[in-house]
Structure formats: structure tokens, C-alpha cells
Amino acid sequence: MAAARLAVLIAALLCCSLARLSRCGGGVGGGGGGQRVQNYTSMFSFGDSLTDTGNLVVSSPLSFSIVGKYPYGMTYFHRPTGRSSDGRLVVDFLAQAFGLPLLQPYLSRGKDVRRGVNFAVGGATAMDPPFFEEIGASDKLWTNLSLSVQLGWFEQLKPSLCSSPKDCKEFFSKSLFLVGEIGGNDYNYAFFKGKSLDDAKSYVPTVAGAVADATERLIKAGALHLVGRGTLPIGCSSAYLTLHPSGNKSDYDATGCLKTYNDFAQHHNAVLQDKLQLLRRSYPEARIMYADYYGAAMSFAQNPKQFGFRHGALRTCCGGGGPYNFNPKASCGVRGSSVCTDPSAYANWDGVHLTEAGYHAIANSILNGPYTSPRLL
Ligand SMILES: *[C@@H]1O[C@H](CO)[C@@H](O)[C@H](O)[C@H]1NC(C)=O
Ligand SMILES: *[C@@H]1O[C@H](CO)[C@@H](O)[C@H](O)[C@H]1NC(C)=O
Ligand SMILES: *[C@@H]1O[C@H](CO)[C@@H](O)[C@H](O)[C@H]1NC(C)=O
């Protein structure tokens, strides 16, 4: 059970990220400030626990879906919502920056879907189940609601968004698509099965290729503004730091993160960016952006105090002890764990996922900073 919980947690961890918020600086709510926010009138998002706003909790009969319980949600919503954080995710800050309602999860959507829907599912993978059968990791799969299933949901929903080609063109000209972060769980599940970094590296072209293929499928369905999101520096996550400790100091960078795992994350991101660049050439009419979650997260990992993270970026707010306050046997929400009183002073929430404050920092740098290219605004 502990292993299953950990798998879930990690799955959730990888899920999200993204970004482009348009000016979240100080607050939410669109407008304000000197910068003009592009007027997107709808937003659709795909991914894993970094972006899920409730689909996993609705879809999973598993009672140990801890993200559906306190203290998840304690900060902003004051109740668990199925988000893997204490509060809002990057996707929420983006929605607020554009003056949109928070995206409703596809599996519990209401009637009005024309302002946006969130298809992301915690634990979701870029690859479909046969890939995991092939590498012998099927038993680690936390959900079958992979990226291709999420795209299928979007295609089913499309007739309720627009009808004629002209109508659709108009609709999609003001719609933003967030693709990912997704793929992190594909690697997590492989690592859980004891696969090596070299094994994982050999999956990168396939996994990053699946994310690029999804982006292309959305463009073919009419999407014009898309943000591909890279993966976070997993070598700085307290889960990886705890599960893969090293006695050799040279395995850690100056920030205290595991170099090999961060190199691996950067490798995935580089391959993904190459593939997005090819898509830009094939579809010049589409605006394909890349949100560098890795760079955005490293900026606060390296200078945590500057972002108000008094406890550094590596220690989790909610956990069960140990050097990083991450204990796989007592992860956040499980008996034996406890939650900090000041989540905004931490970047890391549960070992895998960030706090609302961590996501806010990423959202800000993606909207306003140099971490989205081409620029979001
Ligand atoms: C954004 O566009 C919608 C629909 O065209 C319009 O009703 C709304 O006023 C616009 N908002 C801003 C801030 O420009
Ligand atoms: C995924 O699908 C397979 C085959 O339909 C099924 O056996 C398995 O239980 C499913 N796994 C999850 C986590 O839903
Ligand atoms: C630590 O790792 C470095 C680089 O991999 C290696 O050169 C060195 O021999 C290692 N030191 C120990 C004590 O294992």
C-alpha cells in the first residue's frame, strides 16, 4: 500500500506545470498593472497532477486518492478539490490572469464549456498502456486516462464548442491550449520498476514524441495558440532526493539537487523543444509556445529567499519527517505526516508537487518573465 501511495504521489507530482499566466503579479484577476493581457476567451488544458483540478478524484475508485482529502486544498479553497497542492495550480493562475473562470474538470463539467475545460488527470502518462506492458511497468500505472484519452475527450466535446468551420476558426482564434506538463509519470513508473537512467533516456524520443503528436493533433482540430510545457527539475524534488540519496557530494549541485536527474529532465525538455520547433515549421499559422518550467523552478530553487521561501525550496511543507520532510511511508495526508503552518514559505508541498506559492512563482515567470518562448504576452 505504501508503494501504491507513493506511486500515486509521484504521479501527481509530475503532473503539472505549465504556463503562461499573464500577469499574475500581485494578484489575480486579469488586467491591472502595466501589461496588457492577451484576451483569451477560453482555455483548454491537458496533463497530469501538475494540472489536474479534479478529474482523478472523480475517475478513481481508489480510496487512497489522498489528494481528495485534507490538507490538500487548505490554503485557497479551504477544502480538498482534487488539486495536488494546498491551493491553486499554474492553470488556475493563468485562468485568473485572463479573467476566465477556473477551468472545470472534464469529468465533472457543467453545461457551459465554451470558456474552457481541464482534461488533465493526476497520474496520467503521455504513452498508452501497451508501452508500459512492453517495459514491464503496467502494474505501476495509476490511471489509464492517458494523453490520447484526454485528446479523445476534447474531440468529443468540440461540437459543443463551435459548429461551422468559420465559427470554429473564430472560436479557436481566442482560445489557449496548454499541453502538459505530461511525460514525467512515464519516467516515474519506469524508475519505480528499477529501470536505470539510461533505460529512461532511451524512452525520451518516444515520450516527447507523444507530447508533440498531441500538439499536432490539436492543431489539426483547429487550435492556434498552444503552450507546450517542459518538465520540472526532478532532481530537486524531495521525493527523488529521498529515494535516490548519494554519499558522494559530487552527485549534488550547489543548490543541493541531484545532478543526474536534473540532467535527465533537461534532456527530455530539449528533445521536446526540438520537436516543437519542427511543428512550428510545418504549421506556421499556429503560435506554438514553450513554457520552461525547469528554468522557472530552478530560479527559486537557487534563490529561495528572494521568492519568500524561507525554508528553502527542497524541504516539503507537508510530510512525515526525514532530511527533506518526505517519508514514503507517511506522505502528505497519510497518518504520521503533518502539515506546516505557513505553506507560502515553502515551494514544495508534498515532495512531488509544489505549493500554491510555488505554482504562483512559476506562473508569474511564465507570464511575465523570460520563461516562455515565444513570449506569452
Ligand atoms: C474579450 O473579448 C470578449 C469577447 O469578444 C469581450 O466581450 C471582452 O470584453 C474582452 N475583454 C477584454 C478585457 O478586452
Ligand atoms: C487499465 O486498463 C487495463 C485494460 O483494460 C485494466 O486491466 C487496468 O486495470 C486498467 N488500469 C487502471 C489503473 O485503470
Ligand atoms: C564521486 O563521484 C565522482 C564523479 O562521478 C567520482 O569521480 C568520484 O570518484 C566519486 N567519489 C567517491 C568517493 O566515490
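For ligands, and for the atoms within them, numbers begin at 1 and follow the listed sequence.
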Cation-pi, Tyr76 ring and Arg88 (6.0 angstrom, 45 degrees)
yes

How about Thr53 and Asn118: does a side-chain donor come under 3.5 Å of a side-chain acceptor?
yes

Hey, can you tell me if Phe119 and Trp153 have their rings parallel, tilted or perpendicular (30° and 60° cut-offs)?
tilted

Tell me whether Asn248 has any N or O atom under 3.5 angstrom from an N or O of ligand 3.
yes

In the complex you have, is atom 2 (O) of ligand 3 within reach of the protein, judged by whether a heavy-atom distance drops under 4.0 Å?
yes

For atom 9 (O) of ligand 3, state whether the nearest protein heavy atom is under 4.0 Å away.
no

Sub-4.0 Å atoms of ligand 3 with respect to non-hydrogen atoms of Ser250:
1 (C), 2 (O), 3 (C), 4 (C)

Cysteines Cys340 and Cys318 with SG distance under 2.5 Å:
no

